[in-house]
Amino acid sequence: MTQEKPGTQDPIAKIEEFISEMNRERDALTAKIEAEFERRRAEALAQTRGKKNVRGSATQILLPRLDVLRKATIAGTPITQQKEALEAAGVYVSYNSLRKFIQKYLAPEYREFLANSRTTGMPLDQGEAPLSELEQAEIDAFLSGKKPVPTPAKEKSTEHLATQTSTRAAPAKSIRKLKEKADAIDYDEFRE
């Protein structure tokens, strides 16, 4: 039999000891993470008065902070930064809940200071050309429910055809019709 040197262990025993040490560290870290999650859950439940993730819970949390959110929105602070500031103060709401809250309760401020054409669904008025009298009359007639005002033949414009951005080619039949209409225009009227 061979005799082991003092202070040396079997390699398998070393590996088993190492594995058990790693398992203890893993268990300690897991317990620490679970304790942090439990602390945050308890804190969030205290804020929502026991109503977690129920309809209106974010509104209950945010309504008392309406003036602060209004000032931040007027200052043009992005919603992401407002959410981070709320979290730093211990108020936890989702980005989506905060955005919807601001859009509902601070609608004028949101439209003026934070919204863009993507979020509102309509283009912002940035130096657009004013409406012609004919266009304005058509809009007014539509809004009032009246029949549209007939347009005189010489005032019809083909500008809208030039500004269309379509990747699909126009059918040959419509191209022929456009050419016929263009040929029928008396350009001498416009040269005066």
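Separation of atoms OG (Ser97) and CG (Leu62) is listed at 8.0 Å; rounding is to 0.5 Å. Within the model, atoms OG1 of Thr80 and NZ of Lys83 stand 8.5 Å from one another, a figure rounded to the nearest 0.5 Å. Put simply, CZ on Arg65 and CG on Leu63 are 10.0 Å apart, with the number rounded to the nearest 0.5 Å. Here NZ of Lys100 is found 13.0 Å from OH of Tyr105. Values are rounded to the nearest 0.5 Å. Here the NZ atom belonging to Lys32 is positioned 14.5 Å from the CG atom belonging to Asp27, to the nearest 0.5 angstrom. Separation of atoms CZ (Phe113) and OG1 (Thr77) is listed at 11.0 Å; rounding is to 0.5 Å.
Judged by distance alone, with hydrogens and angles left aside, the side-chain atoms of Thr73 form a donor-acceptor pair with the main-chain N or O of Leu69 at under 3.5 Å. Listed for the Gln103 side chain is no donor-acceptor partner under 3.5 Å among the backbone atoms of Tyr110.
Between Leu114 and Glu109 the shortest side-chain heavy-atom distance does not fall below 4.5 Å. The shortest side-chain heavy-atom distance between Glu17 and Lys14 does not fall under the 4.5 Å cut-off. Taking the side chain as every heavy atom from C-beta outward, Leu106 and Leu66 approach each other to under 4.5 Å.
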Before giving the answer on side-chain contact (heavy atoms from CB on, under 4.5 Å), spell out for Gln82 and Val68 the whole-Å C-alpha distance, their side-chain angles and the decisive distance to 0.1 Å.
CA-CA 10 Å; Gln82 291 185 38; Val68 174; over 6 Å; no
Give the intermediate values and the outcome of side-chain contact (heavy atoms from CB on, under 4.5 Å) for residues Ile19 and Met22.
CA-CA 5 Å; Ile19 290 173; Met22 293 296 290; 5.6 Å; no
Walk me through it: do Leu86 and Tyr92 pass the test side-chain contact (heavy atoms from CB on, under 4.5 Å)?
CA-CA 7 Å; Leu86 286 168; Tyr92 296 95; over 6 Å; no
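Every residue two or more places apart in sequence or in another chain that forms a side-chain hydrogen bond (donor to acceptor under 3.5 Å, both in side chains) with Arg26 is listed here: Asn23. For Glu34, the side-chain hydrogen bond (donor to acceptor under 3.5 Å, both in side chains) criterion is met by no residue, not counting sequence neighbours.
Surrounding CD1 of Ile12 are at most 12 heavy atoms belonging to other residues, nucleotides or ligands under 6.0 Å away. Other residues, nucleotides and ligands place more than 12 heavy atoms under 6.0 Å from the CD atom of Glu36.
Ile74 and Ile79 sit in two unconnected hydrophobic clusters of ILVMFWY residues. Membership requires side-chain heavy atoms under 4.5 Å apart, directly or through other members.
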